[in-house]
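Order of the sequence lines sets the chain letters (A, B, ...), proteins ahead of strands, with each chain counted from 1.
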Amino acid sequence: MTNAPEENSAPTTTEPVSAAGTEAADGDDVLNRDTYESIREPRAAGRLPLGDGTWHQLARQYVWVQQISGGVVGLIALAATLLLTLLWGQWWAWIPGGIILAMITWTMVITPRQARAYGYQLRRDDLVFRKGILWQRVVAVPYGRMQLIDITHGPLDRGFGIAQLKLVTAAASTGVVIPGLRQEAAERLRDTLVDVAEARRTGL
Amino acid sequence: MSGAPVSQPAPVQPRASAPSLSDGEWHRLHPLTPLLRGGLFLVVIAGIVIANLRDRLVFVFLPWIDDDADVDVEEWQGNDPIDFIVDNNLYFAAGFALLGILLLLIGVFYLSWRFHTFRITGDDVEVRSGVLFRTHRRAPLDRVQGVNLTRPMFARLVGMAKLEVVGAGLDSNVKLEYLSTANAEGVRADILRLASGRRLAEAGKGAATSATSRVSAAASVVSAGITGLISGDEEQDSEPESVVHIPLGRLIGSRLLSGSTLALIAIVIAIIVGSIAGTPWVLFSLVPALIGFGAYWVRTITRALRYSIAPTQSGGARQQAGSPSGIRITFGLFTTITEILPPGRVHAVEVDQSVLWRPFGWWSITVNRLSGRGMTDGNAEQFTTVLPVGTRDDVERVLRLLLPGRPESEWPLVFEHGLLGPKADDPYTNTPRRARLLRLLSWKRNGFRLLPDALLIRRGVIWRALAVFPLARLQSIGIDQGPLDRALSVAGIRVHTISGRVSGRLGVIDRDAALRLFEDTEAAAVAAASTDRSHRWAGEESATSDPVLVEAEAGPTRTDHDSIEVPEDPR
């Protein structure tokens, strides 16, 4: 077995916990290097609380990757709009161009906040995943239900050394995708999950 | 047709009647298979030929029909191939060409039949096919989601049936088409017996020896005895009594009172109004709409005719008391389909009733299950409806079949409170009063109840629905909350099962209740999954059902019994 089950043995308070927490477990180092250190959550009292346990978070480089790719798309859209308006005098181009630019700008503004809201927890029998601030979503997946684990990384991801981990169950709606893990963390997490899933394998 | 000549490869066993097709050897399908499978193709070719030669055929066989034909014959001269043959005296060449094509077709059919073999071992069902491009498909038996016996009308006339072993992936079914009906039923019983793990427990030695390709006389005696058992069992439960009977009137009435009828009425009203207000020509668009709806009704009704649902022993008489058995669902007027669902293959059940059906007290039941078909397969839909229409008593009987092994004290939660809605002392946890604006009509009914091994979700007032999710089949669970929910301190729950028509979504539940449900369901699902033995549903108490032992005993070829996909490797 792996270090995963021990992590829930020292439940902490409902306060945002430090990801580089007190457990000196072997995997924590890899999973928590260069990550954010506290989950960002909504302020309203009716929010979904963080609960017990240690939340692991995304790598800080994830925001850079998102901002760069968003910025590149934004620049291309801006260039195309300027080209159309200044050279050919097509002023209507500002309508679609403006909408696209506004959306990209908004995404780039909220990406750092969103990145801090992602978190995952390795509990005794399941993996808990959370994301979102305005629209919160928490999913728990029993280890025995995992069918396969996908790790993907694009060229920009590789440049920053991050990867995206996707967890697939027999249900299409599970939808657990952890973006922006450091590559060692993603591989460690995958190996851990495969190990624990193997031990708890059941039918469909 | 029981003694149909199903030829066997090299080590032929001296068994004349009722050959066991599941003795671990490679077998071929019924020799008439190419005719039935290529039947449509041949009909199309014949149709084209006849259509082109229509006038000539009429002229040759029915010369007295009319004299105009003579004129036509004059017109053909020159460019008609048959006239060309007649003119140039090429009868022999044409005859040889025809014969050659015929022989080629027969040869191709024969080869494809000869290379299409299947094998049933203790662990897998395997099918090899193809002459140039060989395919080899293997389905692990402990992932079998059901066995369907389909008898299309034409095949039924000649006593054939096709067998479909339902796998767990998309488009992962293993099809054995066609077998003679008796063989198909025998193979089905064997597959279910092997999949249940019972044979491994009862006759493990026999299975192992016959799996090695050197079949000795002793082993054939053993397997003959097993075959006898099997056929005896099959006779015993060949016609199980249906727990439900749907009168024709109710079936037609239920189809007429469906949502599609409302849509039709709306369209008709719109068209009539349009024709009065605008041009009367709009009325003509009624005709295709009515024809389309008529065809749809006839199709759904004939499909649901002769419907029966019954418990099955799934190929074994020595059923331990209290151990689950499968369900047998039969339906169809022209094309008869018999499905057998082993226990534990139902991922979600929903009982629903539209407001139109309420005066009559009718309900319908749909399930989420793996049908092994592709997303685009039009037939996939018919396998989700388990009860097209039924009274409350029918629903009760079918649900007891679908969800076996539930304590009697839980059923009132389903039937009294779940189906018929909130009563005094409602045991369900519902939408809190402060959030009733988000569920204006149904806030008193919209709720859940967690049982030790199932989650009940109750929804809707106009369209009443109760969904039951066996926790042992639950894939994962999610909880979500938008800004409006947060302001009211509520949240939504969604249980994730395999995709199907039953949705696991329940919105607007008190936040703390939802969080508790999230944790409790997750813990219960983990516990239920770890004790669930339904992939080998009949071998639970014997050590032989242990996957490791099964592997050691009956299969050197076993590769990966955990894969959800059916391995398919081209050779």
Could I get the full list of ring pair (Phe, Tyr, Trp, His ring centres under 6.0 Å) partners for A/Tyr120, not counting sequence neighbours? A/His56

Is there side-chain contact between [X] and [Y], with at least one heavy-atom pair below 4.5 Å?
{"X": "A/Leu48", "Y": "B/Leu515", "answer": "yes"}
{"X": "B/Ile479", "Y": "A/Arg137", "answer": "no"}
{"X": "A/Arg200", "Y": "B/Ser530", "answer": "no"}
{"X": "B/Gln475", "Y": "A/Ser173", "answer": "no"}

Quick one: which of A/Val141, A/Thr169, A/Val138 has the most heavy-atom pairs under 4.5 Å with chain B, could you say? A/Val138

Report the option among B/Gly482, B/Ala525, B/Ser489 that has the most heavy-atom pairs separated by less than 4.5 Å from atoms of chain A.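 The candidate making the most pairs under 4.5 Å is B/Gly482.
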
Which of B/Ile498, B/Ile477, B/Asp512 touches chain A most, by non-hydrogen pairs under 4.5 Å: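 Max contact count across the listed options: B/Ile477.
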
Between B/Glu522 and A/Val139, is there a donor-acceptor pair closer than 3.5 Å when you use the side chain of the first and the backbone of the second?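 No; judged by distance alone, with no hydrogens or angles, the pair does not exist.
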
Identify which part of B/Leu488 has an atom lying under 4.5 Å from any heavy atom of chain A, answering side chain, backbone, both or neither.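 For B/Leu488, no heavy atom lies under 4.5 Å from chain A.
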
What's the separation between atom [atom1] in [X] and atom [atom2] in [Y], rounded to the nearest 0.5 Å?
{"X": "A/Leu134", "Y": "B/Arg486", "atom1": "CG", "atom2": "CZ", "answer": "6.0 Å"}
{"X": "A/Thr174", "Y": "B/Arg494", "atom1": "OG1", "atom2": "CZ", "answer": "9.0 Å"}
{"X": "B/His496", "Y": "A/Arg145", "atom1": "NE2", "atom2": "CZ", "answer": "13.5 Å"}

Closest heavy-atom pair, A/Ala140 versus B/Phe518, reported as atoms and distance to 0.1 Å, is CB-CZ, 3.6 Å

